[in-house]
Amino acid sequence: MNQRKILVTAALPYANGPIHLGHLVEYIQTDIWVRFQKLRGHNCIFMWADDTHGTAIMIRARKEGRSEEEVIAEANAEHQRDFAGFQIQYDNYGSTHSDENKQLCGEVWQSIRDAGLVKEKDVDQLFDIEQGTFLADRFVRGTCPECNAEDQPGDNCSKCGTTYSPAELINPVSTLSGSTPEIRTAKHLFIELEQLHEFLEDWTQTGNHLQPEVANYLRGHFLGDPQSAEGAKPLRDWDISRPAPYFGFEIPDCPGNYWYVWFDAPIGYIASTQQWCERNGDTLDNWWKNDAAEIHHFIGKDITYFHTLFWPGMLKSAGYSLPTKVHIHGFLTVNGEKMSKSVGTAFKANTYLDHLPPAALRYYYASKLGSRLDDIDLNFDEFISKVNSDLVGKVVNLASRSAKFVKDTGLSTSYPDDGGLFESAASAGDEIATAYENCDYNKAMRLILELADKANPFVENAEPWNLRKDPAKAQELQDVCTIALNLFRQLVIYLSPVLPDLAEKTGELLNDPLLRWDQSQTPLTGSSVAKFKHMMKRIEEKDVRAMEEASKIEAEQESALTDNNSEQFVDSEQPMIDEPMTDECTIEDFMKVDLRVARIVNAEHVEGARKLLKLTLSLGGDHRKQVFAGIKAAYEPDQLVGRLVVMVANLKPRQMKFGLSEGMVCASGPGGEEVFLLTPDEGSKPGQRVH
RNA sequence: GGGGCUGUAGCUCAGUUGGUUAGAGCAGGGGACUCAUAAUCCCUUUGUCGCGGGUUCGAGUCCUGCCAGCCCUACCA
């Protein structure tokens, strides 16, 4: 077999947050593919890194009062800890905030400049004056200019679906500071992608670099179809720079401006390779400028655009190899629903590992992943039954039901007649390998489990538990177990990209490490057999529930911390229970009550009164009202003077112990310290009636 | 609004270039076994292949319209 040179990447985890089970779909998918290639004997390296630049990191560092470097160093350590926990093996883990990356970005940039692809344009963008920074769309909210829905995101309206620029929002508010941003004009650099149109049309539509639906998507949405009546659509210019302040690399020939994070992030793939090369005495050109080396990217469908248009364009301009293939996967849903941080279904890697084994998730994902972009669903009932039934019940069961019978004798010295079972399973290897190669892991798992379904009946019919009762049948017993253990070993080799842990334990059991795919083609004989130990635990429902519970609690704690402007309004029902709705009234009834805006012009304690404050309210001009209000426990007189309130102005005056009260001040709350005065919005004037 | 993908048994999905009575696993029902982590083995029930048209000797498969779901719609990670 020809040894291939294969460089693999997964999307770079963003250094602003923990890894959750959604991310792991991709990382496990990638790891399985890399392990598979290595098992097949290919020269495969997995180059990975943290994505560290951009506004989000900058803002977070500011909020936490520390440097960006500290934030990303912490994230890096956490990420690598989680990956180790899930047995994800990479050959280098770098950072986009590295010297190598800065250097490479400069080189790529220069070649794009030289190719005449860069131009300057002025861009109007909202600027947060308090924070001193330009605002990306997602940091702005405001009223939709189309339908007037309030509190909408900066790029499109969730009510009417209109898309707009944040500068068009009515009453825009910065979510960073709560202040009102202003529009400022700044110079931005753009890459004229359209100049590469023909190249991108060709690269995306031919050569099998992309899944067919992705190629269609790009043509339908961005490139247009040169053969169709509409013809090709021009590609828009790509805004590649951000003015200071920005956490990233400053553009050498454009001081005060930084590369947009999506420029330097994919170059991080190359920078990570650079680090690996330096450590291993290899050269970058050997991998990135070599037709004999394959380059495979694994990404989620959300970042398709960047990896299939910008990235090939950048590589092409800079003279690097183009991706052999971009493997794109769908998202993870949990019990059929979109993952949600607030509901607690965005399970963190760490939380999962506190309660459940990594192998279970690796297998479950493998059994669901196909080569297409469909979302996959994590359903815990299915998860439990699949892992237990397939892995423990069928696969591991083969070893646990036969190994102990040959603990003292070891495997037979020659492989007995098994009716062709081993041979047919060996020849299924090619089809399984093809499925792995094509990322059809669900097909691979199905094929492997079919083999397990043939192996168990063999043991059933051979009845080793009866053979061992008759000393005369010792050889037959050894032969049966030799067959069972070889079929088991074969399955484990096929499964080893998914279940490296099981492969290792099987190697120990049979005294023969499993390192190469072709070990599945030859039976193992004469080997000693170690004492059988549990290789995999059944998943128990209580552990899953405990994990779900833990995640829910984490989510609640987090939302308690950051819940200032969240979209969910979950209010207690208690007030309505305490004071149920009164009987219906007519508008005439309501109009009898003359509510007025009033200004508190004086407030003082009343000697001898436990609850009351004496307020003097102005309704404008000379109109003054004296009111005794039961708000002493909640307000200090000083705080009240000058503020506007709502009062019942035509209430029949009432003689109280301390004087005449000529109205009421409106407030809510049960009383005592919990009294809350109503405040009219800014702009209202004393004397105005409330309708 | 535009676009992409999906819709096959209760659940998760296979169904190759259109070709006999549409398949698997799980779940359900019945039985067997007891070596094995209440694991295993045998037998077994279930389908207007989203809906309506069309092409064809023949359509789950091709074309078309509709319905439903998911996703994308670029300066968002």
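Being a predicted model, the structure only gives us computed values, none of them experimental. So you know, we letter chains A, B, ... as the sequences are listed, proteins then strands, and number each from 1.
- The pair A:Arg60-A:Glu64 meets the salt-bridge criterion, with a side-chain N (NZ, NE, NH1 or NH2) lying under 4.0 Å from an Asp/Glu carboxylate O.
- A:Ile303 places its CD1 atom 12 Å from the P atom of B:U73, with the value rounded to the nearest Å.
- At a cut-off of 3.5 Å, with distance as the only test, a side-chain donor of A:His97 or A:His53 sits close to an acceptor on the other residue.
- Contact of the A:Leu12 side chain with the A:Trp48 side chain is registered, since non-hydrogen atoms from C-beta on lie closer than 4.5 Å.
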- prompt: What string of B, S and - do you get for nucleotides 3-8 of chain B, 5' to 3', if B is base contact, S is sugar-phosphate-only contact and - is no contact with any protein heavy atom under 4.0 Å?
  reply: -SSS--
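- Looking only at side-chain heavy atoms (C-beta outward), A:Arg236 and A:Leu193 stay at 4.5 Å or farther from each other.
- With a 4.5 Å cut-off on side-chain heavy atoms, A:Tyr364 and A:Arg362 do not count as touching.
- Between A:Arg538 atom CZ and B:A39 atom C1' the separation is 7 Å, expressed in whole Å.
- For A:Tyr260, a side-chain nitrogen or oxygen approaches OP1 or OP2 of B:A77 to under 4.0 Å.
- Using cut-offs of 30° and 60° for the angle between ring planes, the A:His79 and A:Phe83 rings count as tilted.
- Following rounding to the nearest Å, A:Tyr364 (OH) and B:G25 (C1') show an atom-to-atom distance of 13 Å.
- Using a 4.0 Å heavy-atom distance criterion, A:Met445 is classed as making no nucleic acid contact.
- Nucleic acid contact for A:Lys368: sugar-phosphate only, since backbone atoms but no base atoms lie under 4.0 Å from a heavy atom of the residue.
- Contacts between residues 468-486 of chain A and RNA chain B, defined by a heavy-atom separation below 4.0 Å, involve A:Arg468, listed by number.
- Side-chain atoms of A:Phe331 lie closest to B:C72 of the nucleotides B:C72, B:U37, B:A77.
- With contacts defined as side-chain heavy-atom distances shorter than 4.5 Å, the pair A:Ile539/A:Val544 qualifies.
- Within residues 378-388 of chain A, the residues having any heavy atom closer than 4.0 Å to RNA chain B are, in order of number, A:Glu382, A:Ser385.
- Taking the charged nitrogens against the carboxylate oxygens, A:Glu382 and A:Lys368 do have a contact shorter than 4.0 Å, which makes a salt bridge.
- Note that the CZ atom of A:Phe331 and the NZ atom of A:Lys301 stand 5.5 Å from one another [nearest 0.5 Å].
- Taking atom P on both B:G18 and B:C57, the two are 15 Å apart, rounded to the nearest angstrom.
- For A:Pro457, taking side-chain heavy atoms from C-beta onward, the closest of the listed nucleotides B:U37, B:C41, B:C71 is B:C41.
- Checking B:A77, B:C41, B:G25 against the side-chain heavy atoms of A:Asp390 singles out B:G25 as nearest.
- Rounded to a whole angstrom, the distance from the C1' atom of B:G58 to that of B:G19 is 7 Å.
- Taking atom CZ of residue A:Arg236 and atom C1' of nucleotide B:G2, one finds them 12 Å apart after rounding to whole Å.
- With respect to A:Asp122 and A:Lys187, no salt bridge is recorded, no charged nitrogen being found less than 4.0 Å from a carboxylate O.
- Remark: A:Lys454 is not in phosphate contact with B:A24, judged by side-chain N or O atoms under 4.0 Å from OP1 or OP2.
- In this structure, the nucleotide among B:U34, B:C13, B:U37 sitting nearest to the side chain of A:Asn442 is B:C13.
- Judged as a salt bridge (charged side-chain N to carboxylate O under 4.0 Å, His left out), and not counting sequence neighbours, the contacts of A:Glu460 are A:Arg401.
- Regarding contacts with the backbone of B:A36, a side-chain N or O of A:Lys404 is found under 4.0 angstrom from either OP1 or OP2.
- Across all strands, A:Phe306 comes closer than 4.0 Å to base atoms (heavy-atom distances).
- For the pair A:Gln211 CD and B:C72 P, the computed distance is 16 Å after rounding to whole Å.
- Distance check on atom C1': B:C62 versus B:U55 gives 8 Å, rounded to whole Å.
- In this entry the distance linking CG of A:Asp375 with C1' of B:C71 reads 7 Å, nearest Å.
- For A:Asp453, taking side-chain heavy atoms from C-beta onward, the closest of the listed nucleotides B:U34, B:C41, B:C76 is B:C41.
- Within a 6.0 Å radius of CD in A:Glu437, more than 12 heavy atoms belonging to other residues, nucleotides or ligands are found.
- For B:C66 and B:G25, the P atoms lie 39 Å apart once the distance is rounded to whole Å.
- Contacts of A:Asp302 with the nucleic acid, taken as non-hydrogen atoms under 4.0 Å apart, include base atoms.
- Enclosure of atom NZ in A:Lys63 is not indicated, since only 12 or fewer non-hydrogen atoms of other residues, nucleotides or ligands lie within 6.0 angstrom.
- The P atoms of B:A59 and B:U21 are separated by 11 Å, rounded to the nearest whole Å.
- Rounded to the nearest Å, the gap between the C1' atom of B:G15 and that of B:G60 is 8 Å.
- To the nearest 0.5 Å, atom CD1 of residue A:Ile267 and atom CG of residue A:Asn101 are 6.5 Å apart.
- Nucleotides B:A38 and B:C43 place their P atoms 25 Å apart, quoted to the nearest Å.
- When distances run from any side-chain atom of A:Phe405 to the nucleotides B:C35, B:A36, B:G25, the shortest one goes to B:C35.
- In this structure, A:Arg468 forms no cation-pi arrangement with A:Phe405, as its terminal cationic atom is not both closer than 6.0 Å to the ring centre and no more than 45° off the ring axis.
- At the heavy-atom level, A:Asn456 lies under 4.0 Å from the strands shown only through sugar-phosphate atoms.
- Looking at which nucleotide of RNA chain B each of A:Pro464 and A:Ser389 is closest to, the 5′-most match is held by A:Ser389.
- Between A:His327 and A:Phe298, the two ring planes are parallel [angle under 30°; tilted spans 30° to 60°].
- Mapping A:Asp377 and A:Leu309 onto RNA chain B via the closest heavy atom, the residue that lands nearer the 5' end is A:Asp377.
- Rounded to a whole angstrom, the distance from the C1' atom of B:U45 to that of B:A27 is 12 Å.
- To the nearest angstrom, P of B:U16 lies 13 Å from CG of A:Asp440.
- In this structure, the nucleotide among B:A77, B:C35, B:A39 sitting nearest to the side chain of A:Trp465 is B:C35.
- Base pairing in RNA chain B gives the following stems of 3 or more Watson-Crick or G-U pairs, range against range and under 3.5 Å: B:1-7 with B:67-73, B:10-13 with B:23-26, B:28-32 with B:40-44, B:50-54 with B:62-66.
- Take A:Lys316 and apply the side-chain contact (heavy atoms from CB on, under 4.5 Å) test, not counting sequence neighbours, and it matches A:Phe199, A:Leu322.
- Residue A:Phe310 contributes atom CZ, which lies 12 Å from atom P of B:A77 at whole-angstrom precision.
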